[in-house]
Amino acid sequence: QEQLVESGGGLVQAGGSMRLSCVASRRVFRFGDMGWYRQAPGKQRELVAGITAAGRVNYADFVKGRFTISRDNAETTMYLQMNSLKPEDTAVYYCNARVAPTVEAVYDYWGQGTQVTVSS
């Protein structure tokens, strides 16, 4: 089982910035697609940003222009730089890694989650 370790969450004022980190194994960073998800109370878990093993990125519309996802393969760490934070960004943020050795064998790994709270 792959272990993903998130860090960087906490309390920040609206308009502030925060950077989340997720450390995973070399195998994940070589072959896996990764992303950040978040879940607020009463809402479904939703994709915030994703980055493929090849470095292709995609963002949810509600974070475009504010958040930046990146990965450092040498450090086996994925980052989410969050700027211009809004109270509605408050949620538990989860690191995800997906490894698909075959089309019929797909494995999703999740971190424990880190709470991000944005105060107004």
Side-chain angles (χ1 to χ4, degrees):
Q1 185 174 351
E2 294 286 343
Q3 179 176 294
L4 306 178
V5 181
E6 302 124 320
S7 62
L11 176 65
V12 65
Q13 294 183 8
S17 298
M18 184 175 289
R19 187 175 74 162
L20 306 182
S21 300
C22 173
V23 180
S25 70
R26 288 184 177 181
R27 185 174 74 92
V28 165
F29 272 85
R30 177 64 178 86
F31 301 106
D33 295 338
M34 302 187 69
W36 289 98
Y37 290 73
R38 71 186 188 187
Q39 187 168 24
K43 293 187 176 182
Q44 297 183 143
R45 187 172 298 186
E46 61 186 354
L47 176 68
V48 177
I51 183 165
T52 70
R56 186 184 306 158
V57 301
N58 67 285
Y59 298 94
D61 288 340
F62 53 81
V63 302
K64 285 184 177 178
R66 299 190 298 124
F67 292 8
T68 302
I69 188 171
S70 63
R71 59 192 293 163
D72 185 336
N73 288 352
E75 299 294 330
T76 65
T77 303
M78 177 180 66
Y79 301 97
L80 183 68
Q81 178 66 48
M82 304 184 291
N83 299 325
S84 302
L85 283 162
K86 306 174 180 179
E88 51 262 45
D89 293 320
T90 296
V92 177
Y93 284 71
Y94 297 91
C95 176
N96 168 261
R98 173 168 289 186
V99 180
T102 72
V103 295
E104 295 183 349
V106 180
Y107 302 93
D108 275 305
Y109 303 99
W110 297 90
Q112 292 295 312
T114 184
Q115 177 71 48
V116 173
T117 302
V118 184
S119 62
S120 60

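Computation of the quantities below employed the complete heavy-atom set of this structure, encompassing side-chain atoms and omitting hydrogens, waters and symmetry-equivalent molecules.
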### Query
Between Leu4 and Ala24, which heavy-atom pair has the shortest distance, and what is it?
CD2-CB, 3.2 Å
### Task
Determine the interplanar angle of the Trp110 and Tyr94 rings, folded into 0 to 90°, and report it as parallel if under 30°, tilted if 30 to 60°, perpendicular if over 60°.
perpendicular
### Task
Report the C-alpha distance between Arg66 and Tyr59 in whole Å, list the side-chain angles of each, state the deciding distance to 0.1 Å, and finish with yes or no for side chain to side chain contact (heavy atoms under 4.5 Å, CB included).
CA-CA 10 Å; Arg66 299 190 298 124; Tyr59 298 94; over 6 Å; no
## Note on the structure
Nearest heavy-atom approach of Leu47 to Ala60 is O-CB, 3.4 Å
### Message
Minimum heavy-atom separation for Tyr93 and Glu6, please, with both atom names.
### Response
O-OE2, 3.7 Å
### Query
How many angstroms lie between CD in Glu75 and CZ in Arg26, if you round to the nearest 0.5 Å?
10.0 Å
#### Entry: Pairwise distance OG(Ser7) to CZ(Arg19) - rounded to 0.5 angstrom
8.5 Å
### Task
State whether the number of non-hydrogen atoms from other residues, nucleotides or ligands found under 6.0 Å of Arg98 atom CZ is greater than 12.
no
### Query
Should Val23 and Ile51 be regarded as members of a common hydrophobic cluster, given that ILVMFWY residues are connected when their side-chain heavy atoms come within less than 4.5 Å of each other, either directly or indirectly?
no
### Task
Given side chain to side chain contact (heavy atoms under 4.5 Å, CB included), test Val48 with Met82 step by step and report yes or no.
CA-CA 11 Å; Val48 177; Met82 304 184 291; over 6 Å; no
### Query
Would a 4.5 Å heavy-atom cut-off, applied to side chains only, mark Val92 and Tyr37 as touching?
no
### Query
Do Asp89 and Lys86 meet the salt-bridge criterion of a basic N to acidic O distance under 4.0 Å?
no
### Message
Please check: side-chain N/O of Thr90 versus main-chain N/O of Val118, any donor-acceptor pairing under 3.5 Å?
### Response
yes
### Task
I would like to know whether Asp108 and Asn96 meet side chain to side chain contact (heavy atoms under 4.5 Å, CB included); could you show each step before the answer?
CA-CA 7 Å; Asp108 275 305; Asn96 168 261; 3.3 Å; yes
### Summary
Shortest non-hydrogen pair, Trp36 vs Leu20, comes out as CH2-CB, 3.6 Å
### Nearest heavy-atom neighbours spanning Ala53 and Asp33
N-OD1, 3.0 Å
#### Entry: Exercise: do Asn58 and Arg56 side chains pair donor with acceptor under 3.5 Å
no
### Message
Is it true that, when you exclude Phe62 itself, more than 12 heavy atoms of the residues, nucleotides or ligands shown sit nearer than 6.0 Å to its CZ?
### Response
yes
### Query
Atom CE of Met78 and atom CZ of Phe29: how far apart are they, to the nearest 0.5 Å?
6.5 Å
### Message
Under the criterion side chain to side chain contact (heavy atoms under 4.5 Å, CB included), I'd like the reasoning laid out for Leu11 against Gln115: C-alpha separation, chi angles, the key distance, then a yes or no.
### Response
CA-CA 8 Å; Leu11 176 65; Gln115 177 71 48; over 6 Å; no
### Query
If you take all heavy atoms of Ile69 and Gly35, which pair is closest and at what distance?
CD1-CA, 4.3 Å
### Task
Kindly compute the distance separating CE (Met34) from OG1 (Thr52), expressed to the nearest 0.5 Å.
11.5 Å
### Query
In terms of hydrophobic clustering (I, L, V, M, F, W, Y; side-chain heavy atoms under 4.5 Å; direct or indirect links), are Phe31 and Val57 co-clustered?
no
### Message
Using 0.5 Å steps for rounding, measure from the CD atom of Glu46 to the CD atom of Gln39.
### Response
9.0 Å
